[in-house]
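The next block holds one structure in the form of structure tokens; read it before the comments.
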Amino acid sequence: MSKRRDKGPNILLFLTDDHGAWATGAYGNKEVQTPTLDMLAQLGVRFTRAYTPTPVCSPARACLLTGKTASQVGIHDWLEEAVPEIGGRDWLEGTRTLFDWLSDAGYHTGLSGKWHLGQSHLPPSGADYHFGLPGWQGAHNGNYTYVRNGDMVELDGNKSNLITDHAIEFLDSVPADKPFFLNIGYIATHSPYQQSAHDPEQTARYQDCAFDEIPPYQPHAWVKNEGGGNELSDQDLRDRYIGYYAAASEIDTNIARIIGALRLREMYEDTLIIYTSDHGCAIGQQGFFGKGNSTRPLNMYDISLQVPLIVTGAKLPTQTTHCNVDHCDTFHTICELAGVELPTDEVFAGKSYGPVLYGRDMDWDDTRYGEYGDLRMIRDKRWKLVWRYPDGPHDLFDLSADPDERHNIFAQLPEVASQLKTRLDAYFARHESPQKSGLRVKQLPVHNSANEAWRDGRREARGLQQY
């Protein structure tokens with residue numbers, strides 16, 4: 001049984017794959033069954049305006065783990081790790097992550113689940129324990145060859161359950177005199193969405209669901225193929241809805257197992273629990289399925305950007321907060337609460353929202369920034385400008401009047417767009433490396449299918465990619 005030392009709470013970071021905030025009861029969905037996440041939100045702090053800086057897996061994860069932008073670390077798209085020259089490279093080489101910072105601060109550190117930043121067969125630098133998904137992450141169920149502390153192990157079963165089993169194994173490895181940092185990376189809400197891909201016990205929950213929380217499907221003009229969702233029958237749509245909701249419930253069930261394990265080991269009271277996702281996900285909302293790469297041109301819609309962010313434990317008061325935050329802010333918050341002093345001569349993005357967690361006032365700028373390759377974005381509580389280099393099309397949305405981002409008013413308000421663009425340029429002038437900037441990335445070719453043909457297009461374009 002682990003005992004606590006005086007400095008720094010245990011920190012449990014759930015970083016789920018493709019879980020949109022909208023697909024939890026805590027964020028107002030009355031149909032999806034996520035009682036554990038709802039309980040955590042009721043006990044702690046729920047952020048209503050939490051976003052990813054990049055609406056695709058690898059760069060989003062890099063931002064949270066490093067506190068830097070994609071244009072600082074040089075990862076600009078999801079890494080197709082099944083390709084040896086991509087999967088075999090350490091894409092964060094020379095950049096310290098939360099594992100490094102917290103290990104140096106005296107934490108026992110572990111990863112159970114998805115990494116997706118290259119060399120997924122190896123433990124991240126600074127990690128004491130590693131259960132991971134080498135190469136392509138594969139299906140949600142069945143045989144798969146995992147890596148456990150350097151050894152390849154073939155296991156059969158549900159990935160969420162197995163990731164949870166090994167997260168609990170990590171808890172038993174924590175030395176009595178150390179706090180722990182554990183990153184759990186579930187993949188259940190990632191495609192494939194169809195119910196046949198998911199746990200039958202979970203899909204059974206939704207056979208009679210009306211799915212009234214999902215608006216009627218109207219294909220987006222930027223999605224021109226069946227794979228992206230243009231030609232789907234009502235049964236096809238329902239099949240995807242069932243699978244996605246089942247995935248959210250599967251994750252929730254496993255979070256309950258983790259909390260039970262913490263309580264059994266008398267760790268719960270000293271553990272800060274953070275639940276978030278790498279980016280958002282549309283299941284038909286806004287006319288597509290997926291995230292920022294589900295349209296051509298790429299998109300920065302809120303359905304792709306908004307993530308759940310629930311922080312509870314370690315004596316936090318119950319509250320709901322509406323400030324705009326992103327993954328880089330979460331990086332700083334974890335470092336602050338763990339007692340990590342970041343170097344002042346190194347440029348990071350974001351700011352700790354630690355005082356907000358305890359209900360204290362702090363000076364907070366709601367302006368947030370994002371990027372995806374040669375697309376960049378600035379937003380505050382009213383305006384969102386999406387600038388696609390070099391020639392557009394560009395988007396300007398008045399979020400106060402048009403929260404669903406249906407009306408692009410870029411042409412009507414050039415002065416507003418110009419002011420936002422000046423601020424956008426100033427931000428990236430400080431938060432990019434010329435050698436790693438997303439503006440060095442060429443747009444991917446228009447895809448013929450959201451699946452295999454799109455991947456083929458990526459391979460053809462790889463010589464132009466800087467990632």
Are [X] and [Y] side-chain neighbours, meaning at least one heavy-atom pair lies under 4.5 Å?
X: Asn29; Y: Tyr27; answer: no
X: Asp302; Y: Tyr51; answer: yes
X: His116; Y: Leu79; answer: yes
X: Gln72; Y: Thr95; answer: no
X: Tyr146; Y: His166; answer: no
X: Asn158; Y: Gln202; answer: no
X: Val386; Y: Leu375; answer: yes
X: Gln119; Y: Pro124; answer: no

Closest heavy-atom contact between [X] and [Y]?
X: Pro9; Y: Pro179; value: O-CB, 4.1 Å
X: Asp100; Y: Ser125; value: OD1-OG, 2.5 Å
X: Gly25; Y: Thr34; value: N-OG1, 2.9 Å
X: Gln319; Y: Leu357; value: NE2-O, 3.0 Å
X: His76; Y: Ala70; value: CE1-O, 3.4 Å
X: Gln207; Y: Thr203; value: NE2-O, 2.9 Å

Between [X] (side chain) and [Y] (backbone), is there a donor-acceptor pair under 3.5 Å?
X: Asp156; Y: Asn143; result: yes
X: Glu81; Y: Gly118; result: yes
X: Gln306; Y: Trp22; result: no
X: His198; Y: Pro192; result: yes
X: Thr318; Y: Leu43; result: yes
X: Glu80; Y: Ile86; result: no
X: Thr189; Y: Ala248; result: no
X: Thr54; Y: Glu371; result: yes
X: Ser277; Y: Thr16; result: yes
X: Glu405; Y: Leu399; result: no

key: side-chain contact (heavy atoms from CB on, under 4.5 Å) evaluation trace for Tyr186 with Asp17   = CA-CA 6 Å; Tyr186 293 125; Asp17 197 357; over 6 Å; no
query = Got more than 12 heavy atoms from elsewhere within 6.0 Å of CZ, Arg360?
reply =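 It does: Arg360 CZ has more than 12 such atoms within range.
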inquiry  = Using a 6.0 Å cut-off, check whether atom CD of Glu341 has over 12 heavy atoms from anything other than its own residue.
reply    =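 Counting neighbours around CD of Glu341, 12 or fewer heavy atoms of other residues, nucleotides or ligands fall under 6.0 Å, so no.
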message = Between Thr97 and Leu117, is the side-chain contact (heavy atoms from CB on, under 4.5 Å) condition met? List the steps.
response = CA-CA 11 Å; Thr97 73; Leu117 293 165; over 6 Å; no
Is the cationic atom of [X] (NZ for Lys, CZ for Arg) positioned less than 6.0 Å from the six-membered ring centroid of [Y] and within 45 degrees of its normal?
X: Arg61; Y: Trp115; value: no
X: Lys178; Y: Tyr107; value: no
X: Arg376; Y: Tyr369; value: no

Once you round to the nearest 0.5 Å, how far does [atom1] of [X] lie from [atom2] of [Y]?
X: Thr36; Y: Ile258; atom1: OG1; atom2: CD1; answer: 11.0 Å
X: Ile187; Y: Ile163; atom1: CD1; atom2: CD1; answer: 6.0 Å
X: Lys436; Y: Arg440; atom1: NZ; atom2: CZ; answer: 11.5 Å
X: Leu133; Y: Ser112; atom1: CG; atom2: OG; answer: 8.5 Å
X: Phe14; Y: Thr276; atom1: CZ; atom2: OG1; answer: 12.0 Å
X: Thr295; Y: Met300; atom1: OG1; atom2: CE; answer: 11.0 Å

ask   = With ring centroids as reference points, do Phe170 and Phe131 lie under 6.0 angstrom apart?
value =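 No, the ring of Phe170 stays outside the 6.0 Å limit from the ring of Phe131, centre to centre.
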Any side-chain donor near an acceptor of the partner, Asn299 and Ser304, under 3.5 Å =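 A donor-acceptor contact under 3.5 Å links the two side chains.
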ask   = Parallel under 30°, tilted from 30 to 60°, perpendicular over 60°: which one fits the rings of Tyr193 and Phe289?
value =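 Geometry flag for Phe289 against Tyr193: tilted rings.
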request  = Take the angle between the ring planes of His431 and Tyr427 and call it parallel below 30°, perpendicular above 60°, tilted in between.
outcome  =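 Taking Tyr427 first and then His431, their aromatic rings lie parallel (interplane angle under 30°).
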ask   = Where do Tyr275 and Thr312 land on the side-chain hydrogen bond (donor to acceptor under 3.5 Å, both in side chains) test, with the steps shown first?
value = CA-CA 9 Å; Tyr275 184 85; Thr312 191; over 6 Å; no
task = Go through the steps to decide whether Ile283 and Phe211 satisfy the test side-chain contact (heavy atoms from CB on, under 4.5 Å), and finish with yes or no.
result = CA-CA 11 Å; Ile283 304 296; Phe211 297 107; over 6 Å; no
request  = Check the pair Tyr206 / Gln33 against side-chain contact (heavy atoms from CB on, under 4.5 Å), numbers first and verdict last.
outcome  = CA-CA 9 Å; Tyr206 298 105; Gln33 299 174 39; 3.4 Å; yes
Criterion side chain to side chain contact (heavy atoms under 4.5 Å, CB included) against Ile255, the qualifying member of Ile184, Leu12, Thr164, Leu40 =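 With Ile255 as partner, side chain to side chain contact (heavy atoms under 4.5 Å, CB included) holds for just one option, Leu40.
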query = Between Asp365 and Lys351, is the closest basic N to carboxylate O distance under 4.0 Å?
reply =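 Looking at Lys351 and Asp365, the cut-off is not met.
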request  = For the pair Arg368 and Asp329, find out whether any cationic side-chain nitrogen is under 4.0 Å from an anionic carboxylate oxygen.
outcome  =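 Yes, charged N to carboxylate O under 4.0 Å.
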task = Please test Gln194 against Ser196 for side-chain hydrogen bond (donor to acceptor under 3.5 Å, both in side chains), starting from the C-alpha separation and ending with a verdict.
result = CA-CA 5 Å; Gln194 289 80 0; Ser196 61; over 6 Å; no
